[in-house]
J.: 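Below: one structure in structure tokens.
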Amino acid sequence: MLGNLTGWHLVVILLIVLLLFGAPKLPGLARSIGQSMRIFRSEVKTMKDENGDETVVEDTAADAEAAPPVKTTKSAPKPKS
């Protein structure tokens with residue numbers, strides 16, 4: 001969806017934002033967006049760290065319970081159809 005945006009599209013979007021919010025409010029708007037993005041990134045990182053630790057423990061436990069590996073030998077060639 002956003003892959004089709006070109007430079008002109010972004011210029012038009014920026015002009016619309018400028019008209020809607022006005023020049024004096026733009027620095028505050030940018031600051032609040034930046035703070036929101038930092039909070040979002042830190043929360044995502046925290047969730048990944050928490051889920052990453054749990055999945056490693058679960059995978060290790062599943063491997064311990066699994067049957068030992070089975071030795072394989074060369075199989076016969078498949079018949080042609």
J.: For a quick test of reading the model, state the closest non-hydrogen atom pair linking Ala23 to Pro27 and the distance between them.
T.: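 So the two residues come closest at O-CD, 3.5 Å.
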J.: Output the distance between atom CG (Leu15) and atom CG (Leu20), rounded to the nearest 0.5 Å.
T.: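 Leu15 CG to Leu20 CG: 11.0 Å, rounded to 0.5 Å.
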J.: Indicate, with yes or no, if Val17 and Val11 share a hydrophobic cluster defined by side-chain heavy-atom contacts under 4.5 Å among Ile, Leu, Val, Met, Phe, Trp and Tyr.
T.: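 Val11 and Val17: separate clusters.
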J.: Residues in side chain to side chain contact (heavy atoms under 4.5 Å, CB included) with Met37, at least two apart?
T.: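 Residues passing side chain to side chain contact (heavy atoms under 4.5 Å, CB included) with Met37: Ile33, Arg41.
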J.: Going hydrophobic residue to hydrophobic residue with side-chain gaps under 4.5 angstrom, can you get from Met47 over to Ile39?
T.: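 No; tracing contacts between hydrophobic side chains, which count when under 4.5 Å, never links both residues.
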J.: Partners of Leu14 by side chain to side chain contact (heavy atoms under 4.5 Å, CB included), sequence neighbours excluded?
T.: none
J.: Could you pull out all residues at least two apart from Thr6 that satisfy side chain to side chain donor-acceptor pair (under 3.5 Å)?
T.: His9
